[in-house]
Amino acid sequence: MRTSPELRRKLISVAAVSVALLTAAPASVAVAQESAPSPAAVPAAQTEAAPGTTAERLIVGYKSGATEAKSNKAAAADAASKAEKTGEDVDFQRRLGTGAALVDLGADPSRASVADVVAAYEADPQVAYVVPDRLNKPTAVTPNDTEYSKQWDLFESTAGMNVPAAWDTTTGTGVTVAVIDTGYVAHSDLAANIVGGYDFISDTAVSVDGNGRDSNPADPGDWYNANECGAGIPASNSSWHGTHVAGTIAAATNNGKGVAGIAYGAKISPVRVLGKCGGYDSDIIDAITWASGGTVSGVPANTNVAKVINMSLGGGGACSTATQSAINGAVNRGTSVVVAAGNENTNASSSSPANCGNVITVAATNRAGSRASYSNYGSVVDIAAPGGETRTSTANGILSTLNSGTKTPSTENYAYYQGTSMATPHVAGLAALMKSANSALTPAQIESAIKANARALPGTCSGGCGAGLADAAKTVQAVKGGTSTGTTFSSTTAVAIPDNGSAIESPISVTGRTGNAPSALQVGVDITHTYRGDLVIDLVAPDGSTYRLKSAASDSADNVNTTYTVNASSEIANGTWKLRVQDTAAQDTGTLNGWKLTF
């Protein structure tokens with residue numbers, strides 16, 4: 001009995017190719033072979049199988065006039081003929097898209113048997129070429145940055161964010177990330193990726209740079225004396241917080257020094273809003289507007305519009321209408337807004353902008369993959385990412401670009417920090433990778449894909465850490481090459497959603513497709529509802545598999561009018577798809593106005 005392919009030993013030769021939220025830690029090569037001699041009128045088949053090549057399968061290309069080039073029966077008969085001639089196991093498996101035949105050589109073929117079979121095909125005047133079916137492997141490259149080995153948050157299997165495997169697809173090229181923070185202090189491991197930003201601090205007591213708003217977002221330091229920022233608040237050295245955040249997102253990589261950035265092909269626009277003792281909502285609101293391409297009176301138009309905003313900052317209280325308006329404006333302009341959950345070990349619902357709508361709120365995990373002891377939690381959290389925890393070891397923090405100056409800038413260096421401030425740029429970097437891989441993605445699609453492709457936390461999270469631990473490689477793969485335009489199937493039949501009742505379903509029949517659904521299936525949903533937090537929404541595939549689009553949450557806003565991204569690549573495209581909606585609490589009703597699937 002033939003050994004199953006899964007049990008075969010692989011013998012193929014392969015080519016190996018406002019307040020900053022942080023707690024600072026103390027400081028296939030194929031060898032060409034000459035064609036075998038043959039009569040000039042019948043050129044010999046080309047081969048890329050070097051002497052000594054081992055293989056489980058061969059790819060055989062027949063000449064266009066050969067019967068075997070079009071008939072599977074003829075190709076199978078030819079394989080049987082080669083088996084009889086060589087005494088080896090040779091079986092036709094299938095036709096490739098190019099028309100070539102895939103031929104199986106059985107389990108553990110010896111070098112001699114491969115050579116015999118190759119020679120038999122080479123000698124056949126109907127064969128154009130014969131090549132080994134080589135096994136390819138991912139080409140994720142380990143960066144040569146000298147401190148990369150310390151960046152457990154990027155690559156460790158337990159609780160890292162699986163970033164290196166995403167670099168095979170994208171490094172963030174073409175995307176600008178605005179870091180709305182303390183500004184930028186010069187650092188040679190980041191300078192190549194810095195583009196123009198702005199200083200939005202209007203109060204000179206906060207800016208400490210001698211002036212108000214201007215086009216220079218340089219960070220002069222945010223140190224303060226004891227009691228200067230409030231009674232009982234101890235003195236603090238300058239944090240260089242914005243530079244640390246920026247390094248995690250886009251530090252220069254493969255430059256033989258320092259650390260690697262998650263989206264190292266992206267650009268950073270430093271937008272300064274935090275100075276001595278923090279920063280005002282008014283400045284942050286203008287910064288959000290300007291960074292996303294909106295107009296701010298008295299400020300020049302932004303020539304480096306960001307498609308991702310990172311805000312590792314926050315304060316207590318509800319999300320103000322003013323801040324929410326700015327965020328909504330940014331998202332409507334196509335910019336994803338990623339924010340920190342906060343570091344008070346409490347429910348993030350009491351921290352703004354973590355509790356704002358239309359943002360991706362990020363909790364922090366430690367090196368074991370559990371919620372970091374300081375991280376906020378709760379239903380407003382969308383996702384978790386590595387933020388570090390340095391209680392047992394400084395090396396368990398997040399290493400990034402910094403400056404050694406205690407007050408004003410001095411020499412550049414690197415340091416470990418911990419905080420949801422450190423977790424947030426991990427997700428902002430991932431958003432940049434996604435936008436680079438698929439420029440058509442909307443902020444809603446980016447958020448949905450990040451959550452849909454997260455993996456379960458390796459550790460624990462009391463209180464709730466959103467969809468789990470962000471997975472860069474899986475998420476980028478899910479959206480790669482996807483598109484928001486294509487063949488669309490829709491339903492415009494309105495269906496009432498009963499209050500605190502059973503689930504309703506709306507069907508869409510998909511026909512005329514071939515193969516499976518895409519890895520970035522777009523699910524557009526239009527629901528009118530007076531309290532969308534009550535709603536649970538699922539996509540049901542033709543075979544009954546369900547994909548959770550939205551869970552119930554303490555979200556008091558009206559309506560659901562958005563597009564979700566679903567990795568449905570394991571599902572047959574054709575068939576009846578359903579949208580299932582259920583209202584899970586009393587006092588509010590609504591209507592599913594319609595929905596659509598875009599392949």
Side-chain angles (χ1 to χ4, degrees), residues 18-20 175-185 193-220 222 241-243 245-246 249-250 266-315 317-340 352-354 356-360 424-425 428 431-432 435 442-443:
S18 258
V19 187
V175 178
T176 296
V177 181
V179 174
I180 297 180
D181 213 293
T182 65
Y184 164 67
V185 61
N193 285 335
I194 297 293
V195 295
Y198 207 80
D199 180 355
F200 275 92
I201 302 178
S202 51
D203 188 327
T204 55
V206 176
S207 70
V208 298
D209 61 357
N211 54 45
R213 293 183 172 183
D214 58 43
S215 60
N216 181 10
D219 186 350
D222 58 352
H241 187 267
T243 300
V245 167
I249 298 170
K267 299 300 182 184
I268 296 291
S269 173
V271 184
R272 186 169 181 248
V273 298
L274 301 178
K276 179 170 286 194
C277 302
Y280 288 102
D281 276 358
S282 54
D283 290 339
I284 294 169
I285 287 167
D286 279 352
I288 294 169
T289 302
W290 181 84
S292 59
T295 301
V296 176
S297 178
V299 179
N302 186 1
T303 58
N304 297 293
V305 174
K307 287 305 176 185
V308 182
I309 286 174
N310 186 103
M311 290 201 294
S312 292
L313 50 79
C319 177
S320 72
T321 303
T323 297
Q324 187 65 68
S325 177
I327 291 170
N328 290 347
V331 170
N332 289 339
R333 285 186 286 273
T335 300
S336 294
V337 181
V338 187
V339 304
S352 176
C356 293
N358 264 345
V359 298
I360 303 174
T424 304
K435 190 70 175 177
T442 66

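Side chains included, hydrogens not; waters and symmetry mates left out as well; all remaining heavy atoms used.
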task: For the residue pair Ile285 and Thr323, establish whether any side-chain heavy-atom pair is separated by less than 4.5 Å.
output: yes

- line: Taken to the nearest 0.5 Å, the spacing of Phe200 CZ from Trp290 CH2 works out to 5.5 Å

- line: Looking only at heavy atoms, the pair that brings Leu274 and Gly279 closest together is CD2-N, 3.6 Å

- line: Closest non-hydrogen atoms of Ala340 and Ser312, given as atom of the first, atom of the second and distance, are CB-CA, 4.1 Å

query: Of all heavy-atom pairs between Pro270 and Gly183, which one has the smallest distance, and what is that distance?
result: CB-C, 4.4 Å

message: Tell me whether Ser292 contacts the main-chain N or O of Ile288 through its side chain, where contact means a donor paired with an acceptor under 3.5 Å.
response: yes

field: Partner of Leu313 by side chain to side chain contact (heavy atoms under 4.5 Å, CB included), out of Thr424, Ile180, Val339, Thr182
entry: Ile180

statement: Across all chains, not counting sequence neighbours, the side-chain hydrogen bond (donor to acceptor under 3.5 Å, both in side chains) partners of Ser282 are none

message: Would you say that Tyr280 contacts Ser202 through its side chain, given a criterion of any heavy-atom pair below 4.5 Å between the two side chains?
response: no

- prompt: Under 4.5 Å between any side-chain heavy atoms of Thr289 and Arg333, yes or no?
  reply: yes

- request: Answer whether the closest heavy-atom distance between the side chains of Ser269 and Val195 falls below 4.5 Å.
  value: yes

task: Using a 4.5 Å cut-off on heavy atoms from C-beta on, say whether the side chain of Val299 contacts that of Asp286.
output: no

side-chain contact (heavy atoms from CB on, under 4.5 Å) against Asn216, all qualifying residues, sequence neighbours excluded: Asp214, Ala218

- line: In Ile309, Thr176, Val177, the residue satisfying side chain to side chain contact (heavy atoms under 4.5 Å, CB included) with Thr335 is Ile309

query: Any idea which heavy atoms bring Asn302 and Ala291 closest together, and the distance?
result: ND2-O, 3.4 Å

statement: Closest non-hydrogen contact found for Ser336 with Pro443 is OG-CA, 3.4 Å

message: Give me the atom names and distance for the closest heavy-atom approach of Ile201 to Gly275.
response: CD1-N, 3.7 Å

- line: Residues at least two apart in sequence or cross-chain that pass side-chain contact (heavy atoms from CB on, under 4.5 Å) with Asn358, listed by chain then number, are Gln324, Ile327, Asn328, Val331

- line: Between the NZ atom in Lys307 and the OG1 atom in Thr442, the distance rounded to the nearest 0.5 Å is 11.0 Å

- request: Give me the one residue out of Asp209, Asp203, Asn211 that meets side chain to side chain donor-acceptor pair (under 3.5 Å) with Ser207.
  value: Asp209

- prompt: Is the side chain of Asn310 donor-acceptor paired with the backbone N or O of Ala428 at a distance under 3.5 Å, no angle test?
  reply: no

message: If you define the side chain from C-beta out and look only at heavy atoms, does anything of Tyr198 sit under 4.5 Å from Ser215?
response: yes

task: Apply the side chain to side chain donor-acceptor pair (under 3.5 Å) test between Arg272 and each candidate in Asp283, Asp181, Asp199; give the one that qualifies.
output: Asp199

message: Do Asp219 and Tyr184 make a side-chain contact, defined as non-hydrogen atoms from C-beta onward lying under 4.5 Å apart?
response: no

query: Are the side chains of Val308 and Val338 in touch, meaning some heavy atoms are under 4.5 Å apart?
result: yes

